[in-house]
Amino acid sequence: MSSKVQFTGPRAKDHGPPAQESLPPPVANAEAIHFLSSLEQNELQMLFFSETLAVVTDTGEPQGELTIEVQRGKYKDECGVMSHCLLVHAFSRSFVDKMLCGNSLLGYLSSNLEIKEQHSQEFIKFHILPMERKISLLKQDDQLAMTRSIKEGEEVKTEVTIFPWHSVTGFISEAANLVLLRVMGWRQMVPSNARFLALDTEGKLCYSTYEGLGFQTIQVDRQQAKVFIVEQTVHSTAGIPMSCQFFLLSDGHLAKRVQVGSPGYCMVTKMPVTREADESEPGPVFEKKPLVWEEDLELYSKFMDRKEELRLSHANYLRHHPEAQALISDFLLFLLLRQPADVLTFAAEYFGPFARRRPPPPASLSSRRPGPQEPRPSPGEG
């Protein structure tokens with residue numbers, strides 16, 4: 001069971017319909033939990049790669065692109081403890097009815113796909129009321145905190161929901177779903193009768209199921225490719241189920257994605273090089289180049305040595321902290337798309353949700369009164 005701890009925005013009318021009797025919270029079944037516990041480290045290592053798909057209309061006209069990247073990373077929790085993790089980064093931008101839209105996802109997962117932290121953001125530039133939605137998930141001790149913010153025009157609504165950790169066993173976040181699909185593509189199977197947990201579009205816990213639809217041969221970059229089709233369905237507790245079909249190559253690469261009932265789809269435009277289980281990645285090779293200098297060879301040699309030392313140090317840092325490059329590229333993408341007049345304010349609002357100690361505050365503190373657990377502003381503060 002979850003609990004909402006705060007909500008900002010226009011208050012609901014007091015004379016609304018009476019609340020219906022709440023249903024018992026959804027629970028993942030044993031098949032789903034067993035499947036997650038069966039994941040092995042050497043199997044996950046084969047799924048570390050980046051892929052890009054084109055967003056096209058039903059007629060094949062390109063509208064944008066989708067990029068998904070899974071890699072090894074490190075995560076520092078709120079106590080400062082560093083641990084290895086799976087780092088998932090995905091973003092897309094496209095046009096729908098000549099309206100620009102996009103989304104971004106950054107997630108940190110354990111080896112069994114448990115959520116450590118995740119931030120997602122999406123926007124649609126409607127002509128009248130542009131919409132932007134942000135969702136942050138953060139594991140805090142024995143609970144999962146979800147901060148959900150929706151902005152329509154100038155109106156902002158923010159709510160924080162707390163889920164006890166035991167109630168989200170078998171929960172598949174958006175980031176975990178991208179890795180789980182690669183696992184199913186690699187194994188060429190889905191867990192039988194497995195029922196996972198997920199969040200619906202309203203931020204409610206619900207069931208998520210996967211069904212194998214068999215194999216099919218499709219054309220990719222003038223080549224015939226055999227794909228394994230997996231259909232994921234999110235069974236919303238309030239709305240209609242939402243299904244999406246994923247066409248997966250034998251090594252987990254996504255060849256095609258179709259949102260059931262939506263126009264258009266995502267399609268890979270270039271056949272990727274499939275990976276095998278016994279493949280080992282070659283180590284980096286640094287080619288030596290002769291030094292040609294007519295004056296002070298010793299000084300030039302020291303300069304080059306120091307330059308190489310710094311380059312390796314920087315490359316080593318980025319290799320151990322891939323989230324840095326993901327954050328920077330993600331921020332620049334939204335900065336260039338939004339093109340705000342005040343870059344500093346835009347940056348502060350963008351990086352605000354990454355605060356670990358407490359959920360991010362709403363955009364307008366004046367729209368609500370502070371809760372009992374929140375510090376009240378001192379005189380002179382806004």
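Values reported hereafter were calculated over all heavy atoms of this structure, with side chains retained and with hydrogens, waters and symmetry mates removed.
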Trainee: Side chain to side chain contact (heavy atoms under 4.5 Å, CB included) with T345: which residues, sequence neighbours excluded?
Mentor: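 T345 satisfies side chain to side chain contact (heavy atoms under 4.5 Å, CB included) with D342, E349 only.
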Trainee: Return yes when atom CD of Q325 has more than 12 non-hydrogen atoms of other residues, nucleotides or ligands closer than 6.0 Å, and no otherwise.
Mentor: no
Trainee: Mind jotting down which residue pairs meet the side chain to side chain donor-acceptor pair (under 3.5 Å) criterion with at least one end in residues 192-201? Sequence neighbours excluded, please.
Mentor: D200-S236
Trainee: Can the positive tip of K116 be found less than 6.0 Å from the middle of the six-membered ring of Y108, inside 45° of the ring normal?
Mentor: no
Trainee: Taking atom types as modelled and ignoring hydrogens, do the side chains of S173 and Q118 form a donor-acceptor contact shorter than 3.5 angstrom?
Mentor: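 Yes - a donor-acceptor pair under 3.5 Å links their side chains.
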Trainee: Does this structure show an ion pair linking E132 with R338, if we count only N-O contacts that are shorter than 4.0 Å?
Mentor: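 Salt bridge between E132 and R338, a charged N being under 4.0 Å from a carboxylate O: yes.
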Trainee: If the condition is salt bridge (Lys or Arg N to Asp or Glu O under 4.0 Å), which residues does E152 pass it with, not counting sequence neighbours?
Mentor: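 Residues passing salt bridge (Lys or Arg N to Asp or Glu O under 4.0 Å) with E152: none at all.
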Trainee: Check for me whether the distance between the ring centres of H253 and F49 falls short of 6.0 Å.
Mentor: yes
Trainee: Between R182 and E51, is there a salt bridge with N-O shorter than 4.0 Å?
Mentor: yes
Trainee: Return the set of residues passing side chain to side chain contact (heavy atoms under 4.5 Å, CB included) with K256 (not counting sequence neighbours), or none when no residue passes.
Mentor: F247, V258, Y265, M267
Trainee: R187: what forms a salt bridge (Lys or Arg N to Asp or Glu O under 4.0 Å) with it, not counting sequence neighbours?
Mentor: E43
Trainee: Say whether H119 and Q121, considering side chains only, have a donor N or O and an acceptor N or O under 3.5 Å apart.
Mentor: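 Q121 and H119 do not have a side-chain donor-acceptor pair below 3.5 Å.
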Trainee: Can you name the residues that form a side chain to side chain contact (heavy atoms under 4.5 Å, CB included) with T233, not counting sequence neighbours?
Mentor: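 Once residues adjacent in sequence are excluded, the partners of T233 under the side chain to side chain contact (heavy atoms under 4.5 Å, CB included) criterion are T209, E231, H235, P241, S243.
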Trainee: Do the side-chain N and O atoms of Y210 and N177 include a donor-acceptor pair separated by under 3.5 angstrom?
Mentor: yes
